[in-house]
2 protein chains.
Amino acid sequence: MSHAATTASRNARPDIAEYLAESIFSGRYGPGDFVPKELDLCEQFGVSRSTVRSALQTLVAAGLIKRISGQGTRVCELANWHLLDPQVSAWMAKFAQPNPRIQREIFAFRVAVEPFVARLAAEHATAADLLAIETAYEGMIHALERDDLRWKGQTHDEYDVAFHEAVFAASHNLVWAQISHVLKPAIALLVEKSNHSAHELNDSMERHRRVMEAIRLRQPEQAAAAALAVLERTGRDLGLEDLIRALPILEDQTTIG
Amino acid sequence: MSHAATTASRNARPDIAEYLAESIFSGRYGPGDFVPKELDLCEQFGVSRSTVRSALQTLVAAGLIKRISGQGTRVCELANWHLLDPQVSAWMAKFAQPNPRIQREIFAFRVAVEPFVARLAAEHATAADLLAIETAYEGMIHALERDDLRWKGQTHDEYDVAFHEAVFAASHNLVWAQISHVLKPAIALLVEKSNHSAHELNDSMERHRRVMEAIRLRQPEQAAAAALAVLERTGRDLGLEDLIRALPILEDQTTIG
DNA sequence: ACTCCTAGTATGTCCGACATAGGATCGGAC
DNA sequence: GTCCGATCCTATGTCGGACATACTAGGAGT
């Protein structure tokens, strides 16, 4: 093995796929552009073609790039990206922050989907689903009471994400459950970025509690409205509240006053 | 190299990834099972490890298998499959037909999503969107009048799929548009399988027309109901009508009176 | 009985070479 | 001069063999 490559590969391999993904999401390589050829990447990262090709294939599977034999590797149009691939979703949560368009569209999607899923959950949730939701909820509560925001090893934010996942699972449909996996990084990001003052957290908890209660009481409409209210709080912290106001679902008050 | 493998690899390489996908979707390898190791697959298909590894990586990206260094390659649980990956979706349409559970869940998802998307389309469709929808609709009509069901080189079924895609695109959201790509193979499969008698086709066309008209007139509720009616006709042909009856969307009598 | 060490297996990475698919260039024929 | 084909070039696709690494399991030693 080579002396120079040792430190690079031993300490922290830069994960070529992730590096390229970051390059694309940040716009350094735009749609239609060519990315460096395999041998250049080999030299740049000090790895073999196998490794580089492996990384590139990950991006191909994500729909980010398209490889043309003999010609090169070019970035695909945004519309062809597999936004619903969990891998892509994770990258987006990591790198697409400065991209306001994507950020908005994802949030708009959540605003459309989560109330709908909450409605389904209210109709189909079993006792086991309720237990999972309540466990996550209790985790959020208990974690808040600790100084380090941890309870049984998990943080408040992790319980928050688990809460949303449990609601998706309660819809009892494979595809909706998949969407929760896709949305998980996005949810985690927003949860993490939203403000964490004491007052806001109490307010957020109360909104979560209403979702849980509506699902338990088999009240689909209330569940949808409550889920929307949760998003409304999150969206307000990120300056995206306009996406919510345009919704048809709002029936009564959403504490805007 | 073996004589037998020569013809196989020369004429049409069996696309190892697709073969393995078929094996998994058909249940020949169930969740938790190990798939043959790389060297066995090399021998079986008469190709090198590079090729086999490339195919296996495709399945990894699809969430179908998980590779553990030093141990082997095993099939993941159904819940971990990336059902929203276009590749997986295409495989499912091809191979999962005998799997009634998946078939049902996909259809249930469409029943949930398409009315919702039609509603969005009615709210946001531009003139260009209407044109795309109408073009697909006209294609369906004209193709029906031909003996070979073709018009301008495209079949009736292809226009049918295009119609659904255009409605998704009219929702003007990246993620929903993605979902149409994912659903496309499933839609194509159902369109293809549903009955094609003259009466049924006229009925189906009328239901499509109502969707288009509601979107044009900016009537979200009517659009949702009309989209549901299209699915209801499709579902009846496949013995899945029970999934529709349970829906909450039917707006007039949501409250069970 | 427990721990540590060792061998075995299958995946991960590396290297070097050739095959193949596109594009670009140069040449000749009309 | 323009059109068309053959040739060269480039970058990806495939091949084969070798070593590195991670995980399992079984045996030796205390």
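- Under the salt bridge (charged side-chain N to carboxylate O under 4.0 Å, His left out) criterion, Glu22(A) pairs with Arg28(A), sequence neighbours left out.
- Distance CG (Leu39(B)) to P (dG17(D)): 11 Å, rounded to an integer number of Å.
- Summarising the geometry, the separation between NZ on Lys66(B) and P on dA10(C) is reported as 19 Å, rounded to the nearest angstrom.
- Under the side-chain hydrogen bond (donor to acceptor under 3.5 Å, both in side chains) criterion, Ser180(A) pairs with no residue, sequence neighbours left out.
- Annotation: side chain of Leu56(A) is not in contact with side chain of Ile16(A) (no heavy-atom distance under 4.5 Å).
- Atom CG of Leu59(B) and atom C1' of dT11(C) are 15 Å apart (whole Å).
- Shown here are the side-chain hydrogen bond (donor to acceptor under 3.5 Å, both in side chains) partners of Gln178(B), two or more places apart in sequence or in another chain: there are none.
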Atom pairs under 3.5 Å, N or O on each side, protein against nucleotides 7-11 of chain D: can you list them with distances?
| unit_1 | atom_1 | unit_2 | atom_2 | d |
| --- | --- | --- | --- | --- |
| dT10(D) | O2 | Gly70(A) | O | 3.1 |
| dA11(D) | OP1 | Lys37(A) | NZ | 3.2 |
| dA11(D) | OP2 | Lys37(A) | NZ | 2.4 |

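- Contacts classified as salt bridge (charged side-chain N to carboxylate O under 4.0 Å, His left out) and involving residues 175-184 of chain A (residues at least two apart or in different chains) are given here: Glu165(A)-Lys184(A).
- If you take CG of Asp15(A) and P of dG12(C), they are 14 Å apart, rounded to a whole angstrom.
- Atom-to-atom, CD of Gln57(B) to P of dT11(C) comes out at 14 Å; the value is rounded to the nearest Å.
- Qualifying side-chain hydrogen bond (donor to acceptor under 3.5 Å, both in side chains) partners for Arg49(A), counting only residues two or more places apart in sequence or in other chains: Glu38(A).
- Taking Arg146(A) as the reference, Asp148(A), Trp151(A) meet the side chain to side chain contact (heavy atoms under 4.5 Å, CB included) condition, with sequence neighbours excluded.
- Protein atom CD1 of Ile16(A) is 15 Å distant from nucleotide atom P of dG12(C), rounded to whole Å.
- Separating the CZ atom of Phe34(B) from the P atom of dT9(C) is a distance of 15 Å, rounded to the nearest angstrom.
- For DNA chain D, the neighbouring residues in residues 48-56 of chain B, judged by any heavy atom under 4.0 Å, are Ser48(B), Arg49(B), Ser50(B), Thr51(B).
- Partners of His181(A) according to the side-chain hydrogen bond (donor to acceptor under 3.5 Å, both in side chains) rule, which considers only residues two or more places apart in sequence or in another chain, do not exist here.
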